[in-house]
Amino acid sequence: MPNRLAHETSPYLLQHANNPVDWWPWSSDAFEEARRRGVPVLLSVGYSSCHWCHVMAHESFEDPELAALLNEHFVAVKVDREERPDVDAVYMEAVQAATGQGGWPMTVFLTPDAEPFYFGTYFPPQPRHGMPSFGQVLEGVRGAWADRRDEVGEVAGRIVADLAGRSLAESLPEGEQRPPRPEELAAALMGLTREFDAVHGGFGGAPKFPPAMVLEFLLRHHARTGSAGALEMVEATCVAMARGGLYDQLGGGFARYSVDREWVVPHFEKMLYDNALLCRVYAHLWRATGSDLARRIALETADFMVRELRTDQGGFASALDADSDDGTGRHAEGAYYVWTPEQLRVTLGEADAEFAATYFGVTEEGTFEEGASVLQLPDTGELVDAQRVASVRERLLAARARRPRPGRDDKIVASWNGLAIAALAETGAYFDRPDLVQAATDAADLLVRVHMDWQARLRRTSRDGAAGGNAGVLEDYADVAEGFLALAAVTGEGVWVEFAGFFLDTVLVQFTAADGTLYDTAADAERLIRRPQDPTDNATPSGWSAAAGALLSYAALTGSALHRDAAERALGIVTALGGRAPRFIGWGLAVAEAALDGPREIAVVGPADDPATRALHRAALLGTAPGAVVALGAPGADEDAEVPLLMARPLVDGAPAAYVCRHFTCERPTTDPEELAERLRD
């Protein structure tokens with residue numbers, strides 16, 4: 001018989017709807033039930049494409065004996081971290097503070113007042129590698145709750161007090177709520193240089209994650225300073241990721257991370273946010289260098305998102321699972337993606353199989369489990385037949401399409417769709433792909449129709465065209481605003497700037513403290529044991545840095561001193577942390593580069609159907625000035641213009657013109673696309 005999760009919309013929660021565990025969704029009713037029964041709460045947090053979440057579910061939550069123990073002595077609450085990042089953030093902070101590490105599934109035991117007192121992540125069904133079994137953990141917590149209730153309460157109280165005492169405002173030196181100076185950004189570059197893997201690209205060791213936000217900073221720093229070292233780190237990392245197993249060499253798109261430092265074996269789940277961020281990075285690398293590889297990867301990644309993640313409603317689904325049926329009825333990680341030499345021979349025939357094995361690095365020993373290999377592009381130093389490669393890739397892709405497909409989490413997350421809108425709009429504009437711009441527009445329409453209410457408040461998720469019950473968090477407002485501003489720059493439709501302004505006004509009212517620091521949840525959001533506030537990047541830009549970037553861009557388009565001041569105050573945390581932890585505040589550093597450069601404001605005016613207007617607009621979009629904003633419109637806009645940057649910008653001698661400005665102070669206009677491009681390189 002299904003449990004309470006059967007009434008939820010989250011694909012992750014629905015995966016547990018038929019567990020013998022009597023799951024509750026996160027709700028006040030669940031904690032009231034624990035209070036009524038006098039039992040603790042088990043909080044289990046995960047997400048649908050999490051491999052170890054599936055493992056623990058199969059091993060423990062589907063076990064009738066463990067479920068009976070859990071149901072008798074606990075109230076079990078299941079949370080999708082992608083729906084409730086606030087709940088996840090608060091308890092993950094406690095887990096990391098107590099254990100020094102974190103991850104998913106996250107397993108936390110709480111009092112009926114939601115105060116945590118025991119923590120962990122994955123627990124095996126039997127004791128293993130020094131870890132207790134999940135059953136032993138349940139028995140231990142049950143015993144402590146029954147025999148040492150006062151001690152448990154004291155521990156929980158100390159943990160909550162410790163969390164409440166952590167204030168980011170205290171980490172900002174007096175008077176330092178300002179953007180970083182050039183020397184501070186140079187210090188951040190030096191810190192990244194020390195951590196750069198000069199052999200394999202990327203930063204740090206295994207597991208190695210794609211550093212999209214850091215790469216954006218390095219590209220902007222190179223554009224502003226001409227630093228060859230910054231660009232070299234971007235190029236080396238992007239080439240290594242694109243040629244390695246992290247990238248799907250057949251279907252395009254990136255996996256979540258590499259389990260090794262060489263980018264060979266990925267954790268195979270594919271997330272919308274990774275692909276949106278990396279699509280934009282490769283498009284910007286092409287813009288800076290003209291790299292053919294960067295162009296190919298940007299387009300293939302964009303096509304992957306549209307082909308595999310786009311929903312019937314026009315938005316973009318959250319993720320594809322790492323696991324799928326391996327053809328024998330067994331669910332296995334990577335089964336959809338890996339190949340053996342024998343599988344190549346069956347699909348391609350002997351001669352082409354030998355060619356493909358060399359081209360994609362498939363060996364008898366394999367690079368993954370059971371002699372299978374993850375496809376890569378090892379550098380053999382030999383010229384290859386492009387037509388033969390295309391034929392082989394097409395046949396392998398067709399054969400792979402007949403395999404059981406990984407599951408798809410088809411909920412729409414507002415912030416991640418904002419990232420996708422920005423990436424698809426820019427990639428479509430750079431490479432003359434209006435279909436990609438249309439896909440971005442359709443996703444933006446969905447966010448307005450389904451996720452936004454009449455007060456311009458956002459719901460975080462939707463599914464099948466119906467909004468979920470979870471309020472948007474800071475990253476939702478910031479990333480959607482960022483996406484809408486990028487879409488406005490490409491399409492010239494000022495309404496997207498207006499919508500971005502609505503969301504950023506909410507950021508100022510609901511998420512910003514009096515000292516200029518930012519919170520991840522709104523002032524009127526559900527009260528948790530701590531109001532989360534994290535300025536550091538994780539898999540996506542922090543809401544704090546993303547808000548600073550969108551506020552800065554909006555101010556550049558509208559001349560709003562209020563939004564500019566808020567952006568500069570928010571960048572104070574980058575001044576405090578950029579030199580010490582540049583890998584973890586990369587988007588904040590990228591925004592700081594834009595603030596230092598102005599950012600440049602480019603107004604292009606002229607008839608929309610005039611080739612001269614289009615040429616100037618393209619030159620503006622391809623400019624590499626850090627964080628430059630672009631407005632496109634008809635000449636002679638008045639004071640009611642949707643985009644104030646366009647106001648009082650006439651044609652020049654009857655010809656379309658471009659105005660390059662900083663803080664609304666403009667150089668003389670130009671009608672020459674090449675001159676405009678040169679100004680934006682200066």
Chi angles and distances behind the side-chain contact (heavy atoms from CB on, under 4.5 Å) call for Leu377, Phe360: CA-CA 5 Å; Leu377 293 182; Phe360 289 118; 3.9 Å; yes
Candidate pair Val264 and Gln376, rule side-chain contact (heavy atoms from CB on, under 4.5 Å), full reasoning: CA-CA 7 Å; Val264 175; Gln376 307 171 70; 3.6 Å; yes
side-chain contact (heavy atoms from CB on, under 4.5 Å) evaluation trace for Tyr118 with Thr107: CA-CA 8 Å; Tyr118 187 79; Thr107 306; over 6 Å; no
Show, in sequence, the C-alpha distance, side-chain angles and deciding distance for Phe268 and Tyr257, and conclude whether the ring pair (Phe, Tyr, Trp, His ring centres under 6.0 Å) test is met. CA-CA 8 Å; Phe268 291 89; Tyr257 62 85; over 10 Å; no
Any chance you could lay out the side chain to side chain donor-acceptor pair (under 3.5 Å) test for Glu59 and Tyr122, step after step, and finish with the verdict? CA-CA 11 Å; Glu59 293 174 340; Tyr122 163 79; 2.6 Å; yes
Begin from the C-alpha positions of Val79 and Val77 and carry the test side-chain contact (heavy atoms from CB on, under 4.5 Å) through to its verdict. CA-CA 7 Å; Val79 166; Val77 174; 4.2 Å; yes
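Using a 4.5 Å heavy-atom cutoff, the side chains of Trp52 and Pro105 are in contact. Trp104 has its side chain within reach of Val45: a pair of non-hydrogen atoms, C-beta onward, lies under 4.5 Å apart. The side-chain heavy atoms of Tyr359 and Val392, taken from C-beta on, include no pair separated by under 4.5 Å. The shortest side-chain heavy-atom distance between Arg142 and Phe74 falls under the 4.5 Å cut-off. No side-chain heavy atom of Val75 sits less than 4.5 Å from a side-chain heavy atom of Leu42. Using a 4.5 Å heavy-atom cutoff, the side chains of Ser318 and Leu272 are not in contact. A heavy-atom distance below 4.5 Å is not found between the side chains of Met213 and Ile585.
Evaluation of the salt bridge (charged side-chain N to carboxylate O under 4.0 Å, His left out) test over residues 248-265, restricted to residues two or more places apart or in two chains, returns Asp197-Arg261, Asp248-Lys270, Asp248-Arg400, Arg256-Asp274. Within the structure, no pair that satisfies the salt bridge (charged side-chain N to carboxylate O under 4.0 Å, His left out) test touches residues 41-58, not counting sequence neighbours.
With hydrogens and angles disregarded, a donor-acceptor distance shorter than 3.5 Å links the side chain of Arg463 to the backbone of Thr9. In this structure a side-chain-to-backbone donor-acceptor pair under 3.5 Å is present from Asn275 to Phe254. Between the side chain of Arg530 and the backbone N or O of Val90, no donor-acceptor pair lies under 3.5 Å. At least one donor-acceptor pair under 3.5 Å links the side chain of Thr111 to the backbone N or O of Glu115. At least one donor-acceptor pair under 3.5 Å links the side chain of Asp534 to the backbone N or O of Thr536. Not one N or O on the side chain of Lys411 forms a donor-acceptor pair closer than 3.5 Å with the backbone of Asp464. For His54 (side chain) and Ser48 (main-chain N/O), a donor-acceptor pair under 3.5 Å exists by modelled atom type. Not a single donor-acceptor pair under 3.5 Å links the side chain of Glu308 to the backbone N or O of Gly252. Panel note: side chain Gln136, backbone Ser133; a donor-acceptor pair is recorded below 3.5 Å. Side-chain N or O atoms of Trp544 include none that pairs as donor or acceptor with a backbone N or O of Gln533 at under 3.5 Å.
Under a cutoff of 6.0 Å and an axis angle of 45°, Arg4 and Trp23 do not form a cation-pi pair. Judged by the 6.0 Å and 45° rule, Arg345 forms no cation-pi pair with Trp339. The side-chain tip of Arg81 points at the ring of Tyr47 from less than 6.0 angstrom away and within 45° of straight on.
Side-chain contact check for Glu300 and Tyr282: no donor-acceptor pair (N or O, by modelled atom type) lies under 3.5 Å. In this model, a donor atom of one side chain and an acceptor atom of the other lie less than 3.5 Å apart for Lys78 and Ser44. The closest side-chain donor-acceptor pair between Asn3 and Trp24, if any, does not fall under 3.5 angstrom. Side chains of Ser27 and Asp29: a donor-acceptor N/O pair is absent below 3.5 angstrom, by distance only. Side chains of Glu482 and Trp587: a donor-acceptor N/O pair is absent below 3.5 angstrom, by distance only.
When all heavy atoms of Ser60 and Pro125 are compared, the pair lying nearest together is OG-CA, 4.5 Å. Nearest heavy atom pair, residue Thr427 against residue Cys279, reads OG1-SG, 3.3 Å. Contact record, Gly465 with Gln313: N-CG, 3.7 Å, taken as the closest heavy-atom pair. Closest non-hydrogen pair, His331 versus Asp323, comes out as CD2-CB, 3.8 Å. Scanning both residues, Ala590 and Glu216, for their nearest heavy atoms gives CB-C, 4.2 Å. Of all the heavy atoms in Ser462 and Val450, the pair that sits closest is CB-CG1, 3.7 Å.
Remark: Phe109 CZ to Leu43 CG distance equals 10.0 Å, nearest 0.5 Å. The distance from the CE atom of Met92 to the CG atom of Asn538 is 9.0 Å, given to the nearest 0.5 Å. Separating the CE atom in Met106 from the SG atom in Cys53 is a distance of 10.0 Å, to the nearest 0.5 Å. To the nearest 0.5 Å, the span separating CH2 on Trp263 from CZ on Arg243 amounts to 15.5 Å. A distance of 14.5 Å separates OG1 of Thr301 from CZ of Arg280, quoted to the nearest 0.5 Å. Separating the CD1 atom in Ile421 from the CG atom in Leu447 is a distance of 4.5 Å, to the nearest 0.5 Å.
Aromatic ring orientation, His267 versus His51: perpendicular (interplanar angle above 60°, classes split at 30° and 60°). A perpendicular orientation is assigned to the rings of Phe61 and His16, their planes being inclined by more than 60° (bins at 30° and 60°).
Electrostatic pairing of Arg531 and Asp86 does not count as a salt bridge here, judged by no charged N lying under 4.0 Å from a carboxylate O. A salt bridge is absent between Asp537 and Arg583: the closest approach of a Lys/Arg side-chain nitrogen to an acidic carboxylate oxygen does not fall below 4.0 angstrom. Under the 4.0 Å criterion applied to side-chain N and carboxylate O atoms, Asp410 and Arg408 are not assigned as salt-bridge partners. Salt-bridge formation is detected for the pair Glu526/Arg84: a Lys NZ or Arg NE/NH1/NH2 atom is positioned less than 4.0 Å from an Asp or Glu carboxylate oxygen. The pair Arg460-Glu475 counts as a salt bridge, with a side-chain nitrogen and a carboxylate oxygen less than 4.0 angstrom apart.
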Which atom pairs, one a donor and one an acceptor, fall under 3.5 Å between side chains of residues 362-375 and the rest of the protein, sequence neighbours left out?
from   : atom 1 : to     : atom 2 : distance (Å)
Thr363 : OG1    : Gly366 : N      : 2.9
Thr367 : OG1    : Val374 : N      : 2.9
Ser373 : OG     : Thr363 : N      : 3.3

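Residues Trp26 and Phe31 bring their aromatic ring centres within 6.0 Å.
Around atom CD of Glu394, no more than 12 heavy atoms belonging to other residues, nucleotides or ligands sit under 6.0 Å away.
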